2 protein chains.
Amino acid sequence: MITFSEENYLKAIFHLEKLHVKGVPTNAVAESMDTKASSSTDMIKRLSEKKLCVYKKYQGVKLSALGRSHAVNVIRKHRLWECFLVEKLDFSWDEVHEIAEQLEHIESEKLIDKLDEFLGYPKTDPHGDPIPDEQGNFSKIDKVLLLECGVDESGVFVGVRDSSPAFLQYLDKNNISLGVKIKVLHKEEFDQSVQIEVEGNEVTVSSKTASNIFIKL
Amino acid sequence: MITFSEENYLKAIFHLEKLHVKGVPTNAVAESMDTKASSSTDMIKRLSEKKLCVYKKYQGVKLSALGRSHAVNVIRKHRLWECFLVEKLDFSWDEVHEIAEQLEHIESEKLIDKLDEFLGYPKTDPHGDPIPDEQGNFSKIDKVLLLECGVDESGVFVGVRDSSPAFLQYLDKNNISLGVKIKVLHKEEFDQSVQIEVEGNEVTVSSKTASNIFIKL
DNA sequence: TAATATTTTTAGATTAGTCTAAAAAAGAAT
DNA sequence: ATTCTTTTTTAGACTAATCTAAAAATATTA
Ligand SMILES: [Mn+2]
Ligand SMILES: [Mn+2]
Ligand SMILES: [Mn+2]
Ligand SMILES: [Mn+2]
């Protein structure tokens with residue numbers, strides 16, 4: 001039996017492994033989970049006992065195959081529920097994460113299969129993040145950050161890197177929604193801001209914003 | 001903050017109050033929750049601290065208005081989710097209770113409102129139990145037990161008293177589903193079994209079965 | 001390399017929720 | 001009214017998940 005808390009730690013470690021390829025520091029886990037270092041050390045020991053991760057003192061933590069498959073399943077559930085909330089219940093994309101944080105822990109294989117079917121087997125969630133299939137495979141989407149695009153290049157807005165409500169609401173306010181075409185008009189040397197054309201309008205976004213927008217060329 | 005466990009106890013006490021009008025014995029709570037008497041005493045003390053119930057030693061427990069409104073809200077969520085599972089995800093009525101036991105603890109006012117709307121504001125769940133509205137009001141359905149019906153009386157099957165998977169599957173096997181017309185053909189004096197006509201077929205059900213079927217005359 | 005700073009672990013405490021075993025209260029029977 | 005039985009509460013212990021404070025290991029810098 002895996003507790004909610006354990007699932008949350010597994011998920012955090014899974015995401016952190018992208019940044020810390022050779023073992024995730026216990027401190028990084030603590031920071032991500034918003035707990036103290038001592039708490040994360042304790043939990044990592046428990047996960048290790050349960051063969052969900054590999055841990056050696058002072059060496060950081062890595063998920064085992066078992067732990068990874070659990071983490072991926074939680075992510076699959078999270079993203080499918082986010083789709084459900086947006087597609088079927090008409091929530092906006094900035095409201096769904098918090099609720100999905102709860103729904104992702106509901107345990108029923110059959111429920112998730114049925115939900116997936118009900119939603120028409122979506123490939124991505126409302127923020128453009130890929131939904132792993134039942135086997136845990138993520139389909140790789142090739143996308144680049146708006147900040148990395150050259151002048152005159154254009155593509156489709158396919159995802160966000162930061163999905164905080166504040167950022168999502170800022171995009172809404174500027175009519176920048178998933179699927180729209182974005183063209184780079186100018187890149188300001190001075191502050192790295194990017195002038196873009198979107199839905200017929202010209203908008204200038206900060207480099208911070210441009211570094212959180214994924215484009216498919 | 002109310003924990004899952006506290007919500008489950010509130011729900012149990014709510015249901016038990018129908019049987020134990022002048023205070024629910026701590027033992028009855030323990031039995032219903034499948035815990036030991038000492039655990040239920042402990043929990044009832046905690047609920048009492050939080051003003052969710054009124055408790056005096058050896059006097060049994062009663063919900064406060066606050067506790068009752070929490071309990072009713074959990075029941076509302078449970079039953080709406082059961083509707084969702086049956087109506088939208090095509091689950092059968094004997095599979096949904098267990099999953100709804102988990103979903104009933106998801107905390108989001110807005111989610112429940114949207115779900116209610118999505119389902120078309122259902123009045124009853126898949127087992128015929130009433131769904132309280134946002135204010136916590138149950139609409140009273142007048143229904144009688146099949147066992148109490150006289151010969152030649154007929155009505156519509158509107159609910160079950162026992163909603164265990166075993167009983168629900170037994171009903172399925174005999175094509176007795178919610179909404180069908182049932183007519184009492186004969187009542188056997190010897191063992192209280194009841195011969196009924198349902199969907200053109202004649203079926204004889206035991207008194208135990210007849211005491212778990214609600215009919216609207 | 002030795003001193004200093006940072007990271008990580010350990011020790012000890014706390015809370016929620018559970019248990020077993022024993023004590024106390026209430027209810028029933030003689 | 002005593003005694004016996006059943007119900008209820010209390011006492012003490014355990015686990016999961018967290019914390020603070022201190023110790024230990026590792027990393028950085030002079
Ligand atoms: Mn999310
Ligand atoms: Mn998402
Ligand atoms: Mn149910
Ligand atoms: Mn039900």
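In this text, all values refer to a predicted model and were calculated from it rather than measured experimentally. Protein chains get the first letters and strands the later ones, always in sequence-line order, with residue 1 at the start of each.
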Original post:
Can you list the residues that meet the salt bridge (charged side-chain N to carboxylate O under 4.0 Å, His left out) rule with B:Arg76, with sequence neighbours excluded?
Top reply: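 Here the qualifying residues are B:Asp116.
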Original post:
Among pairs that include at least one residue of residues 107-135 of chain A, which meet ring pair (Phe, Tyr, Trp, His ring centres under 6.0 Å), considering only residues two or more places apart or in two chains?
Top reply: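 For residues 107-135 of chain A: none.
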Subject >> DNA chain D contacts made by residues 41-54 of chain B, counting heavy atoms under 4.0 Å >> reply: B:Thr41, B:Lys45
Original post:
Near DNA chain D, which residues from residues 12-38 of chain A have a heavy atom under 4.0 Å away?
Top reply: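 Hits under 4.0 Å, by residue number: A:Thr35, A:Lys36, A:Ser38.
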**OP:** Not counting sequence neighbours, which residues clear side-chain hydrogen bond (donor to acceptor under 3.5 Å, both in side chains) with A:Asn27? List them please.
**Re:** none
**OP:** Hey, could you give me each pair passing salt bridge (Lys or Arg N to Asp or Glu O under 4.0 Å) that has a residue in residues 124-140 of chain B? Not counting sequence neighbours.
**Re:** B:Arg79-B:Asp125
Which pairs of donor and acceptor atoms, one on a side chain in residues 49-63 of chain A, lie under 3.5 Å apart (sequence neighbours left out)?
residue: A:Lys50; atom: NZ; partner: A:Met1; partner atom: O; Å: 3.0
residue: A:Lys50; atom: NZ; partner: A:Glu6; partner atom: OE1; Å: 3.1
residue: A:Lys50; atom: NZ; partner: A:Glu6; partner atom: OE2; Å: 2.9

Original post:
Does anyone know the first and last nucleotide of DNA chain D in reach of chain A, 5' to 3', at under 4.0 angstrom to a heavy atom?
Top reply: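 First and last nucleotides in contact are D:dA17 to D:dT26.
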Test of understanding: with side chain to side chain contact (heavy atoms under 4.5 Å, CB included), list the residues that count as partners of [X], not counting sequence neighbours.
X	answer
B:Val74	B:Glu7, B:Lys11, B:Glu104
B:Ser177	B:Val180
B:Leu119	B:Leu80, B:Cys83, B:Phe84, B:Lys88, B:Leu115, B:Pro122

Subject >> A:Ser5 or A:Lys57, whichever maps to the more 5' nucleotide of DNA chain D >> reply: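 First, find each residue's nearest nucleotide; the 5'-ward one identifies A:Ser5.
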Original post:
More 5' along DNA chain C: B:Tyr9 or A:Gln59, using each one's nearest nucleotide?
Top reply: A:Gln59
**OP:** Report the end-to-end axis angle of the helix from C:dT1-D:dA30 to C:dT30-D:dA1; each axis comes from five terminal pairs, and the value is rounded to 10°.
**Re:**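 About 10° separates the two local helix axes.
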Subject >> Closest heavy-atom pair and its distance - A:Ala28, A:Val24 >> reply: CB-CG1, 4.1 Å
**OP:** State, yes or no, whether a side-chain contact exists between A:Phe14 and A:Tyr9 at a heavy-atom distance under 4.5 Å.
**Re:** no
Original post:
With side chains defined as the heavy atoms from C-beta onward, is the minimum distance between A:Ile99 and A:Trp81 less than 4.5 Å?
Top reply: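 No, their side chains stay 4.5 Å or more apart.
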